[in-house]
Amino acid sequence: MDELVERVDGQDRVLGVVTRRQATQEGWLHRIASTVCRDERGRILVHRRSEQLSRFPGLHEVVVGGAVDVGESYEQAAARELAEELGIRGLPRLLFTFINRSGLSPHWLGVHEAVVPDAVTADPDEVAWYCWLTESELHSALLEWRFTPDSHEAFSRYLAFRAAQT
C-alpha cells in the first residue's frame with residue numbers, strides 16, 4: 001500500500017490526505033523531512049541509496065529522510081527516518097523548511113541537523129553504502145558522484161543557513 005501523506009498548500013497548511021503516489025503524479029505539495037547527519041568531528045554522512053528503492057535507486061544522498069506521515073510533525077518524521085534508515089534514536093533539530101521543486105515533484109522540505117555516532121546500523125533495504133566526508137570532500141563528491149536532486153538543493157541551502165547563523 002502506498003503511504004498516506006498530507007497534501008498542503010503554498011503556506012504549508014493541510015488541505016487533505018492523499019497517497020504519496022497521487023501527490024507525486026499530480027504535482028501536489030506534500031511534506032518531506034530530511035536530516036543532515038554530522039559526527040562529533042563535523043564530518044557529514046553521505047550514503048548511496050539501495051538499488052531496489054523506487055525513487056532514485058543507486059544515487060548518493062547528503063540527507064536522510066522521507067515523507068512526513070499524516071499527523072506527524074517534520075521533527076517526528078525526521079526522527080522516524082533516522083531510526084528506520086540508520087538505527088539512530090534521537091530528535092533532529094529542524095533548521096528550516098522550503099518548497100523544493102527539484103526531484104520527482106514539488107514538496108515542502110524540512111531540513112534538520114543531527115549529531116550522530118560514527119558507527120550507524122544502516123538498513124540495507126534503504127542504504128547500500130555510507131561514508132563520512134568533510135565539507136571540502138563533499139563539495140568534490142557533489143561534482144563527481146551522482147546525487148539525488150534534493151541533495152544538491154538541500155545542501156546548498158543548509159550551507160547558506162549555517163553561514164547566516166555565524
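Positions are given from 1 along the sequence. Computed from a predicted structure; not experimentally measured.
- Considering every non-hydrogen atom in both Val64 and Leu86, the closest pair reads CG2-CD1, 3.7 Å.
- Distance alone, capped at 3.5 Å, places no donor-acceptor pair between the Arg49 side chain and the Pro57 backbone.
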Legend entry - Test log, rule side-chain contact (heavy atoms from CB on, under 4.5 Å), inputs Ile44 and Val36: CA-CA 7 Å; Ile44 298 169; Val36 175; 4.1 Å; yes

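- Using cut-offs of 30° and 60° on the angle between ring planes, the pair Trp145 and Trp129 is perpendicular.
- Proximity of a side-chain donor or acceptor of Asp69 to a complementary backbone N or O of Glu72 within less than 3.5 Å is not detected.
- With His47 contributing its side chain and Leu45 its backbone, the two residues share no donor-acceptor pair below 3.5 Å.
- When ring centroids are compared, His107 and Trp28 stay outside the 6.0 Å threshold.
- Under the 4.5 Å side-chain criterion, counting only non-hydrogen atoms from C-beta, Arg7 is not in contact with Val17.
- Proximity of a side-chain donor or acceptor of Glu81 to a complementary backbone N or O of Ala78 within less than 3.5 Å is not detected.
- Within the 4.5 Å cutoff, no side-chain heavy atoms of Val115 are placed close to those of Asp39.
- Rounding to the nearest 0.5 Å places OG1 of Thr35 at 9.5 Å from CD of Glu85.
- A cation-pi contact, defined as under 6.0 Å to the ring centre and within 45° of the axis, links Arg157 to Phe98.
- Side-chain atoms of Ile99 and Leu29, non-hydrogen and from C-beta on, do get closer than 4.5 Å to each other.
- Residues Leu138 and Ser140 fail the side-chain proximity criterion, which asks for heavy atoms closer than 4.5 Å.
- Heavy-atom minimum distance, Pro124 versus Gln52: O-NE2, 4.5 Å.
- Put simply, OG1 on Thr19 and CG on Asp2 are 4.5 Å apart, with the number rounded to the nearest 0.5 Å.
- Tyr74 and Val14 fall within the same hydrophobic cluster, where Ile, Leu, Val, Met, Phe, Trp and Tyr residues are linked whenever their side-chain heavy atoms come under 4.5 Å apart, directly or through other members.
- Looking at heavy atoms from C-beta onward, Arg101 lies in side-chain contact with Pro106 at the 4.5 angstrom threshold.
- Taking all atoms of both residues into account, the shortest heavy-atom contact from Arg80 to Val68 is NH2-CA, 4.4 Å.
- In this structure, CG on Leu95 lies 5.0 Å from CZ on Arg93, to the nearest 0.5 angstrom.
- Going from atom CD of Glu144 over to atom NE2 of His139 covers 13.0 Å, rounded to the nearest 0.5 Å.
- Side-chain heavy atoms closer than 4.5 Å link hydrophobic residues (I, L, V, M, F, W, Y) into clusters, and following such links, even through other members, never connects Trp132 to Tyr158.
- Following chains of ILVMFWY side-chain contacts shorter than 4.5 Å, one can reach Ile32 starting from Val62, so the two form part of one hydrophobic cluster.
- Residues Asp9 and Trp108 share a closest heavy-atom pair of O-NE1, 3.0 Å.
- More than 12 heavy atoms of other residues, nucleotides or ligands sit less than 6.0 Å from atom CD of Glu26.
- A side-chain donor-acceptor contact under 3.5 Å links Ser34 to the backbone of Gly110.
- When all heavy atoms of Ser105 and Gly27 are compared, the closest pair comes out as CB-CA, 4.3 Å.
- At distances below 3.5 Å, not a single donor-acceptor pair connects side-chain atoms of Ser151 with backbone N or O atoms of Phe147.
- For the side chain to side chain donor-acceptor pair (under 3.5 Å) criterion with Glu6, the lone passing option out of Arg31, His30, Arg13 is Arg31.
- If you take CG on Leu104 and CZ on Arg55, they are separated by 7.0 Å, rounding to the nearest 0.5 Å.
- Expressed to the nearest 0.5 Å, how far NE2 of His152 lies from CG of Leu143 amounts to 8.0 Å.
- Clustering ILVMFWY residues whenever any of their side-chain heavy atoms sit less than 4.5 angstrom apart, transitively, puts Leu109 in the very cluster that holds Phe96.
- Here the shortest heavy-atom pairing between Ala33 and Ala77 reads CB-CB, 3.8 Å.
- When Arg43, Arg41, Arg38 are each tested for a salt bridge (Lys or Arg N to Asp or Glu O under 4.0 Å) with Asp118, only one passes: Arg43.
- Between the side chains of Ser102 and Asn100, at least one donor N or O sits under 3.5 Å from an acceptor N or O.
- The main-chain N or O of Thr134 is found under 3.5 Å from a side-chain atom of Glu137 such that the two form a donor-acceptor pair.
- For Arg162, the salt bridge (charged side-chain N to carboxylate O under 4.0 Å, His left out) partners two or more places apart in sequence, or in a different chain, are Glu135.
- Grouping the Ile, Leu, Val, Met, Phe, Trp and Tyr side chains by contacts below 4.5 angstrom, directly or via other members, places Val63 apart from Ile88.
- A side-chain donor-acceptor contact under 3.5 Å links Gln76 to the backbone of Ser73.
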